[in-house]
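This is a predicted model, so every value here is computed, not measured.
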Amino acid sequence: MNKSKIVFFAVFFLSSLSVAFAQKVDFGSNYISINQVEWLKFESDNSYDDALSLLNDEGQPIILIRFMTSVNVDLQSETNPDGMIYYANVKFLSLNKEFEIQESKNNVVALLFKSNVVTVDKSLDANNVNALKSKYTQLFSK
């Protein structure tokens with residue numbers, strides 16, 4: 001098989017994987033739906049400008065996601081003269097654990113869903129939280 005066919009099949013395979021793992025995230029009036037199935041209640045958190053609380057069925061916050069901005073002079077460039085970093089700080093409230101990630105709101109929620117950090121009874125799964133946290137160790141706030 002020549003190289004162009006190998007490259008074509010590799011690209012096709014990788015793109016099919018990304019479609020297979022894609023999650024459609026919708027924010028309704030009270031619930032976040034993943035692939036048209038209600039997952040968790042949510043509300044905007046008024047203690048921060050750009051934050052989201054994910055709630056259990058009793059309306060108690062279990063995850064707080066804050067969307068933050070920070071400055072890192074090492075990242076200053078022509079396209080980023082101020083060295084601005086945009087990231088999400090994700091806190092698992094009952095476990096007192098958190099991580100930071102550079103992703104959009106929908107991608108953060110999809111990641112939490114795919115990682116199974118919330119159990120069927122809408123509590124946090126400590127093992128899955130720890131596994132997710134171990135993958136994202138970079139701190140953008142420092």
Side-chain angles (χ1 to χ4, degrees), residues 3-142:
K3 287 185 181 181
S4 62
K5 286 182 181 178
I6 292 172
V7 170
F8 171 77
F9 286 118
V11 169
F12 177 76
F13 177 73
L14 292 175
S15 64
S16 65
L17 280 179
S18 66
V19 170
F21 292 111
Q23 305 292 330
K24 183 171 178 359
V25 177
D26 291 311
F27 290 87
S29 59
N30 295 322
Y31 275 90
I32 297 172
S33 296
I34 309 287
N35 299 330
Q36 300 178 342
V37 175
E38 287 184 352
W39 180 49
L40 286 175
K41 294 179 182 179
F42 79 96
E43 65 184 14
S44 296
D45 190 301
N46 296 329
S47 60
Y48 298 97
D49 288 339
D50 196 9
L52 185 67
S53 289
L54 306 185
L55 314 171
N56 62 18
D57 287 339
E58 291 78 41
Q60 299 299 314
I62 57 173
I63 301 172
L64 173 63
I65 307 170
R66 294 184 302 159
F67 298 93
M68 313 287 284
T69 304
S70 183
V71 175
N72 183 335
V73 294
D74 294 333
L75 297 177
Q76 290 176 328
S77 66
E78 276 187 38
T79 58
N80 187 7
D82 297 326
M84 298 297 286
I85 302 171
Y86 303 97
Y87 64 95
N89 173 274
V90 181
K91 290 187 179 185
F92 302 96
L93 300 174
S94 64
L95 300 176
N96 198 27
K97 299 202 181 266
E98 65 184 279
F99 74 96
E100 295 175 348
I101 185 171
Q102 282 187 292
E103 286 292 345
S104 69
K105 177 170 63 172
N106 284 12
N107 288 346
V108 170
V109 169
L111 177 66
L112 294 173
F113 176 79
K114 287 190 288 188
S115 300
N116 294 313
V117 297
V118 178
T119 64
V120 173
D121 68 351
K122 306 298 191 260
S123 62
L124 295 174
D125 182 309
N127 291 330
N128 291 346
V129 167
N130 288 331
L132 179 63
K133 185 179 176 325
S134 70
K135 293 178 185 177
Y136 298 96
T137 58
Q138 184 172 1
L139 294 176
F140 301 100
S141 57
K142 301 291 179 193

Kindly say whether Asn116 contributes a backbone atom to a donor-acceptor pair with the side chain of Asn128 at under 3.5 angstrom?
yes
Using only atom types and a distance under 3.5 Å, with no angle test, would you say the side chain of Lys41 pairs donor to acceptor with the backbone of Asn30?
no
Is there a donor-acceptor pair under 3.5 Å between the side chain of Asn72 and the backbone N or O of Asp74?
yes
Describe, in one word, how the ring planes of Phe99 and Phe92 are oriented to each other, choosing from parallel (under 30°), tilted (30 to 60°) and perpendicular (over 60°).
parallel
Within this structure, what is the CG-OG1 distance for the pair Leu139 and Thr137, rounded to the nearest 0.5 Å?
7.5 Å
Using the test side-chain contact (heavy atoms from CB on, under 4.5 Å), find all partners of Asp121 that sit at least two apart in sequence or belong to another chain.
Thr119, Ser123
So do the side chains of Leu93 and Leu124 get within less than 4.5 Å of each other, counting heavy atoms only?
no
If you round to the nearest 0.5 Å, how far is CZ of Phe113 from CD1 of Ile34?
5.5 Å
Are Leu54 and Leu112 close enough that some pair of their side-chain heavy atoms sits under 4.5 Å apart?
yes
For the NZ atom on Lys122, are there more than 12 heavy atoms of other groups (residues, nucleotides or ligands in this structure) within a distance under 6.0 Å?
yes
For the student: nearest non-hydrogen atoms of Phe67 and Glu103, plus distance
CE2-O, 4.4 Å
Could you tell me whether the side chain of Phe140 reaches within less than 4.5 Å of the side chain of Met68, counting heavy atoms only?
no
What heavy-atom pair brings Leu95 and Ala126 nearest, and what distance separates the two atoms?
CD1-CA, 3.8 Å
Apply side-chain contact (heavy atoms from CB on, under 4.5 Å) to residues Gln138 and Gln102 and explain how you reach the verdict.
CA-CA 10 Å; Gln138 184 172 1; Gln102 282 187 292; 5.7 Å; no
Do the side chains of Ile32 and Val25 get nearer than 4.5 Å, heavy atoms only?
yes
So if I apply the side chain to side chain contact (heavy atoms under 4.5 Å, CB included) rule between Asn56 and each of Val118, Ile62, Ile63, which one comes out positive?
Ile62
Short side-chain to backbone donor-acceptor contact, Ser134 and Ala131, under 3.5 Å:
yes
Verify, without hydrogens or angle tests, whether Asn89 (side chain) and Glu100 (backbone) share a donor-acceptor contact under 3.5 angstrom.
no
Tell me whether the count of non-hydrogen atoms from other residues, nucleotides or ligands lying under 6.0 Å of CG in Asn96 goes above 12.
no
Sub-4.5 Å side-chain heavy-atom contact between Lys105 and Leu52
yes
Donor-acceptor pair, side chain of Asp125 and main chain of Asn127, under 3.5 angstrom
yes
Under the side-chain contact (heavy atoms from CB on, under 4.5 Å) criterion, do Thr69 and Asp50 qualify, and how do the steps go?
CA-CA 10 Å; Thr69 304; Asp50 196 9; over 6 Å; no
Measure the CZ-CG distance between Phe42 and Leu55 for me, rounded to the nearest 0.5 Å.
9.0 Å
Taking every heavy atom of Gly83 against every heavy atom of Gln76, the minimum-distance pair comes out as N-CG, 3.7 Å
Mind checking whether Glu98 and Val90 have side chains closer than 4.5 Å, heavy atoms only?
no
Are Trp39 and Val109 side-chain neighbours, meaning at least one heavy-atom pair lies under 4.5 Å?
yes
